[in-house]
2 protein chains.
Amino acid sequence: MVTLAEVAQHAGVSASTVSYVLSGKRSISVGTRQRVEQSIQQLGYHPNAGARALASNRSNIIALMVPLRTDMYVPVMMEIAIAVATNARTHGYDVLLLTGEEGPDAVRRVTGSGLADAMILMDVELDDERLPLLRGTDQPSVLIGLPAATEGLTCVDLDFAATGALCAEHLAKLGHRDIAVIGEAPAVYERHTGFAERTLDGLRSRSRELGVRVLHRPCEGGFDAMTVTLARIFDERPGTTGFVVQNESAVEPLLALLRQQGRAVPEDVSVIAVCPDQVATQASVRLTSVAIPAQEMGRRAVELLIAKLDGHGGDEVALLAPELTVRASTGPAPVTS
Amino acid sequence: MVTLAEVAQHAGVSASTVSYVLSGKRSISVGTRQRVEQSIQQLGYHPNAGARALASNRSNIIALMVPLRTDMYVPVMMEIAIAVATNARTHGYDVLLLTGEEGPDAVRRVTGSGLADAMILMDVELDDERLPLLRGTDQPSVLIGLPAATEGLTCVDLDFAATGALCAEHLAKLGHRDIAVIGEAPAVYERHTGFAERTLDGLRSRSRELGVRVLHRPCEGGFDAMTVTLARIFDERPGTTGFVVQNESAVEPLLALLRQQGRAVPEDVSVIAVCPDQVATQASVRLTSVAIPAQEMGRRAVELLIAKLDGHGGDEVALLAPELTVRASTGPAPVTS
DNA sequence: ATATGTTGTCGAAGCGCTTCGACAAGGTTT
DNA sequence: AAACCTTGTCGAAGCGCTTCGACAACATAT
């Protein structure tokens, strides 16, 4: 293991000079810099992370807490995680992967040990038990998701209320008057991971303004669950002509069942999905959808966090504007007799 | 920030005693231990990770390198990653998330800086450029996946050759004589991520023994790609009655297209999927499948790595035996005229 | 009784780095 | 020519921990 001191000796300078070459915190003459850099190359020197962390009191590590559960949006989570890792690297940070399993203890552990300089939390619940800890520490953090109270917190999320409203508007404009929302699994609502509720709220209130009736049904996803859910919907509201689906694993079952029942998409019923673009374009019908901008969320979270670490940038709630892409699954409501 | 020294003072012992209480590396009298533990509690002490790493030369961090690409098996990757993180914690290790993006440089960086004590690499290619580095260092590592040459390496993977063979056997036993393999996207083969090829090899050689003809077609996944692929298959081999699908995003399209063409599953054609159980049970037909044991792979990888870190356990290739679960998508081959 | 462990604790060194203050050498300003 | 910056470099302190050797205090073997 090559050390700073060895590099210094090899280059004929002092250890501190090498350190300053590395950090750029003091000016170094060109000649010296080059000699040092060359020594670093030749010796294959890598600064020791532990020593650096100890001396500088910064680990250059960001902790990312991902949900343990895999009952929803796994690809989205993965995409966010990868985006976070990738973007963090461009700022010189590495990412420590924490699972939700440890809960608040993980926050304490990481904060207390100086393992990470900052945290990003995913899958934030409305009244998340980790929030008091975050508020009570001076360690910067960013939430992906939106809790009930956001004072003192920095959050990034898709504007799900606007997403819901956007769906309502699109369907209303096409003449639909009775729409059904196929939501996330009941467990997601019980856990109060705000996004599902917020979508629904946005959709409901805009629908009310536009004179559209909304029926909401959570759904586990998968064919069997969807079969039951769909039957209930048509039972209760036979005139339903529009669907908004916020559950990746319900999309394909819904399309298959509609087909099976002889309801053509988009001639008889329209379907909007809230899902990543990839799902929307790979489905059996090219789906009109509101994209979940996973990469963008990861990127923004990192940027806000870096800003906080660098001292600028305070608390802020960054809601990304939803974008609805019209594809082949929505069309004018059928003319009723 | 509370330090060891403060705890020591509070408990009326020396710093080293506190350290030994924490590590258990020397015997401590019950009274002293309790006093120290109480002081730790009261002061809310957390050992500083950097100082610990510097002094002990171990970071208690495992690096996990996940593929950057998301063109395949994302849920599997995620599940493995989570399993790794969870299991690592139970052994007192945290997990550093590296993306494949940095490539071999990441290995160098992590190895050189002592950031992590060991690595787990996912998505290993047959002739992976990171392998020489791993062989050239004394840092323990485990691969998830199987490269072409495994000397000096520890690997965990599903036995994909046996998986292929198992599929062939199941279909042969049911009387199928012409089967098609819907493989991963062409890019996966081009990149030589061995598992796809190994499945195919296992399937082909067992099929030959059993007198079954095999037609292999890579497929991007999604409906459009599947439409083309399926048409080509029936064009070339109209008598195909068995399918093996090794691509999550091709499963549902295949089922839908078969249905659309009036080919009943499993009466007219049988379908076996190589996929996580969740996909198999949530599909529109409950699929006979060979499971991809993501959790188990993550767990095994961590265990092998910990064994190496603890000095016992050398290089080893752990191939998990595949298990085929018969569900509703396979049945006897139709009687030909 | 002496020699020989055992057990529990301490002090001190040192891990590899960052950073502060000092300061020589040279350049500017009066 | 004195006084003052600037620039580039160095030495030393210290970050918070682990770990080694030392050594009392007591127990056991001879």
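Quick note: numbers below take in every heavy atom, side chains included, and nothing from hydrogens, waters or symmetry partners. Proteins come first, then strands; the chains are lettered A, B, ... in the order of their sequence lines, and each starts at number 1. Note that this is a predicted model, so its numbers are computed, not measured.
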Rounded to the nearest 0.5 Å, how far apart are CZ of B/Arg191 and CG of B/Asp128?
-> 11.0 Å

Atom pair distance, as rounded to whole Å: CG in A/Asn57 and C1' in C/dC17 = 13 Å

Atom NE2 in B/His91, atom OG1 in B/Thr86: separation rounded to 0.5 Å?
-> 11.5 Å

Taking C-beta and beyond as the side chain, do A/Ile40 and A/Leu22 meet within less than 4.5 Å on heavy atoms?
-> yes

Do B/Ser19 and B/Ser16 have side-chain N/O donor and acceptor atoms under 3.5 Å apart?
-> no

With a 4.0 Å cut-off, would you call A/Asp315 and A/Lys308 a salt bridge?
-> yes

Rounded to whole angstroms, how far apart are CG on B/Asn60 and P on D/dC17?
-> 14 Å

Among residues 13-29 of chain B, which residues get a heavy atom nearer than 4.0 Å to DNA chain D?
-> B/Ser16, B/Ser19, B/Tyr20, B/Lys25, B/Arg26

Do A/Ser39 side-chain atoms and A/Arg35 backbone N/O form a donor-acceptor pair below 3.5 Å?
-> yes

A/Leu153 side, atom CG; A/Glu151 side, atom CD - distance, nearest 0.5 Å | 7.5 Å

Taking atom types as modelled, find out whether B/Tyr93 and B/Arg58 have a side-chain donor-acceptor pair closer than 3.5 angstrom.
-> yes

Please work out which residues in residues 31-55 of chain B have a non-hydrogen atom less than 4.0 Å from an atom of DNA chain C and list them by number.
-> B/Thr32, B/Leu54, B/Ala55

